[in-house]
**Q** 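Here it is, the structure in full.
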Amino acid sequence: MNYTLVKMSEEHISQLAEIEKICFHSPWTEDGLREELTNPMAHFYVAVADKVIGYMGVIEICGEANVTNVAVLPEYRGCGIGKALVKNAIDGAKERKCEFITLEVRESNLPAINLYKSFGFQQVGVRKNFYSDPTENALLMTINF
């Protein structure tokens, strides 16, 4: 599959908001995504083929990277896009001298958990009832550099 990873820009916002609606129960709005364009601590990358097909956002504060979201349109899952986005985030955080990356993931999202584990993320905690619609625990996963 041919796609490229590019920094998020204004031209991606409306498509990203649609991906959010498809992938998440509590989606980010266009305004919320747009705010990250001017946040110097935000590093959002978009997978683009003939359209936007996925993205990943990371916020870095004081050498700590926190994943905000990883989303790939359902029809493009299993094509390596999530893997490329995670690798890009790890490489970027290392280049910017972060000490680790942390994220939350639904405990039932085994494909995502396995993806993160394949990069060396380890479960370091559980956030009880973190998600809603449906209520579910989040696994807190971290990779140290």
Side-chain angles (χ1 to χ4, degrees), residues 1 3-9 12-49 52-145:
M1 148 151 269
Y3 63 92
T4 56
L5 296 184
V6 298
K7 284 187 74 76
M8 181 176 74
S9 66
H12 304 125
I13 298 297
S14 63
Q15 291 179 73
L16 291 175
E18 289 303 312
I19 290 172
E20 280 281 317
K21 289 176 189 173
I22 292 167
C23 295
F24 300 111
H25 296 286
S26 298
W28 282 36
T29 64
E30 285 190 28
D31 288 341
L33 289 161
R34 190 172 286 111
E35 286 178 16
E36 300 306 331
L37 291 172
T38 57
N39 180 351
M41 297 176 284
H43 304 278
F44 281 61
Y45 283 85
V46 179
V48 181
V52 174
I53 57 177
Y55 86 103
M56 182 171 184
V58 176
I59 304 291
E60 296 176 1
I61 301 172
C62 299
E64 301 174 2
N66 184 44
V67 174
T68 60
N69 272 346
V70 181
V72 176
L73 285 171
E75 62 269 30
Y76 293 95
R77 293 178 187 161
C79 298
I81 296 160
K83 185 175 185 176
L85 288 164
V86 172
K87 182 181 183 322
N88 183 68
I90 290 170
D91 291 347
K94 284 180 178 178
E95 287 173 18
R96 291 182 294 274
K97 308 294 186 216
C98 288
E99 295 177 25
F100 61 86
I101 297 180
T102 190
L103 58 83
E104 293 97 6
V105 60
R106 282 184 180 269
E107 65 184 353
S108 65
N109 191 346
L110 295 180
I113 292 167
N114 289 331
L115 171 65
Y116 302 137
K117 284 182 177 179
S118 76
F119 280 98
F121 281 84
Q122 296 181 344
Q123 181 180 337
V124 295
V126 175
R127 297 191 195 275
K128 297 285 185 187
N129 302 317
F130 184 77
Y131 294 105
S132 58
D133 295 326
T135 300
E136 186 173 357
N137 295 337
L139 302 183
L140 182 60
M141 300 183 77
T142 299
I143 183 171
N144 294 299
F145 304 130

**Q** By the definition side-chain contact (heavy atoms from CB on, under 4.5 Å), identify the one residue from Val105, Ile101, Thr102 that meets it with Val67.
**A** Ile101

**Q** Would you say the side-chain atoms of Arg127 pair up with the backbone N or O of Leu140, donor to acceptor, closer than 3.5 Å?
**A** no

**Q** Of all the heavy-atom pairs spanning Tyr3 and Gly80, show the shortest one and how long it is.
**A**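 Taking Tyr3 first and Gly80 second, the nearest heavy atoms are OH-O, 3.5 Å.
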
**Q** Checking Asn137 side chain against Asn129 main chain: does a donor-acceptor pair fall under 3.5 Å?
**A** yes

**Q** Could you please spell out the steps behind the side-chain contact (heavy atoms from CB on, under 4.5 Å) verdict for Ile61 and Asn66?
**A** CA-CA 8 Å; Ile61 301 172; Asn66 184 44; over 6 Å; no

**Q** Which pair of heavy atoms, one from Glu60 and one from Ala65, lies closest together, and at what distance?
**A**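 Smallest heavy-atom distance, with atoms named: CG-CB, 3.9 Å.
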
**Q** Any chance you could measure Ser26, atom OG, to Asn69, atom CG, to the nearest 0.5 Å?
**A**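 So the gap between those two atoms works out to 10.0 Å.
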
**Q** Side chains of Phe145 and Ile90: does their closest heavy-atom pair fall under 4.5 Å?
**A**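 Yes, at least one pair of side-chain atoms sits under 4.5 Å.
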
**Q** Kindly indicate whether the side chain of Leu85, heavy atoms from C-beta on, has any atom under 4.5 Å from the side chain of Val72.
**A**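 In short, these two side chains touch, coming nearer than 4.5 Å.
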
**Q** If you define the side chain from C-beta out and look only at heavy atoms, does anything of Pro111 sit under 4.5 Å from Asn114?
**A** no

**Q** First locate atom CD1 of Ile22, then atom CD of Glu75, and finally report the distance between them rounded to the nearest 0.5 Å.
**A**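 Nearest 0.5 Å value for the CD1-CD distance: 7.0 Å.
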
**Q** Using the rule given for side-chain contact (heavy atoms from CB on, under 4.5 Å), can you reason through Met8 versus Tyr45, listing the C-alpha separation, both sets of side-chain angles and the distance that settles it, and then say yes or no?
**A** CA-CA 5 Å; Met8 181 176 74; Tyr45 283 85; over 6 Å; no

**Q** For a quick check under 3.5 Å, do Tyr116 and Gln123 share a side-chain donor-acceptor pair by atom type?
**A** no

**Q** Within this structure, what is the OG1-CD distance for the pair Thr29 and Glu20, rounded to the nearest 0.5 Å?
**A** 9.0 Å

**Q** Quick check: do Glu18 and Gln15 have side-chain heavy atoms less than 4.5 Å from each other?
**A** no

**Q** Donor-acceptor check, side chain of Thr38 to backbone of Glu35, threshold 3.5 angstrom: yes or no?
**A** yes

**Q** Would you say the side chain of Ser14 lies within less than 4.5 Å of the side chain of Glu30, judging by non-hydrogen atoms?
**A**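 Yes - at least one pair of side-chain heavy atoms lies under 4.5 Å apart.
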
**Q** Apply the test salt bridge (charged side-chain N to carboxylate O under 4.0 Å, His left out) to residues Asp91 and Lys94: give CA-CA distance (whole Å), side-chain angles for both, the deciding distance (0.1 Å), then the verdict.
**A** CA-CA 5 Å; Asp91 291 347; Lys94 284 180 178 178; 5.3 Å; no

**Q** Minimum heavy-atom separation for Arg106 to Pro134, with atom names?
**A** NH1-O, 3.1 Å

**Q** Check Glu107 against Leu110 and note the closest heavy-atom contact, atom names and distance.
**A** O-CD2, 4.2 Å

**Q** Can you label the angle between the Phe44 ring and the Tyr55 ring as parallel, tilted or perpendicular, going by 30° and 60°?
**A** parallel

**Q** Which pair of non-hydrogen atoms, one from Lys117 and one from Met141, has the smallest distance, and what is that distance?
**A**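 Of all heavy-atom pairs spanning Lys117 and Met141, the closest is CG-CE, 3.8 Å.
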
**Q** Nearest heavy-atom pair of Ala17 and Leu33: which atoms, and what distance?
**A**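 Between these two residues, the closest heavy atoms are N-CD1, 3.7 Å.
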
**Q** State the SG-CE distance between Cys62 and Met41, to the nearest 0.5 angstrom.
**A** 8.5 Å

**Q** Quick one: are Asn88 and Met56 in side-chain contact, heavy atoms under 4.5 Å?
**A** no

**Q** Do Leu37 and Ile13 touch side chain to side chain, with heavy atoms closer than 4.5 Å?
**A** yes

**Q** Using only atom types and a distance under 3.5 Å, with no angle test, would you say the side chain of Glu36 pairs donor to acceptor with the backbone of Ala42?
**A**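 No, the answer is negative, given that no donor and acceptor are paired below the 3.5 Å cut-off.
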
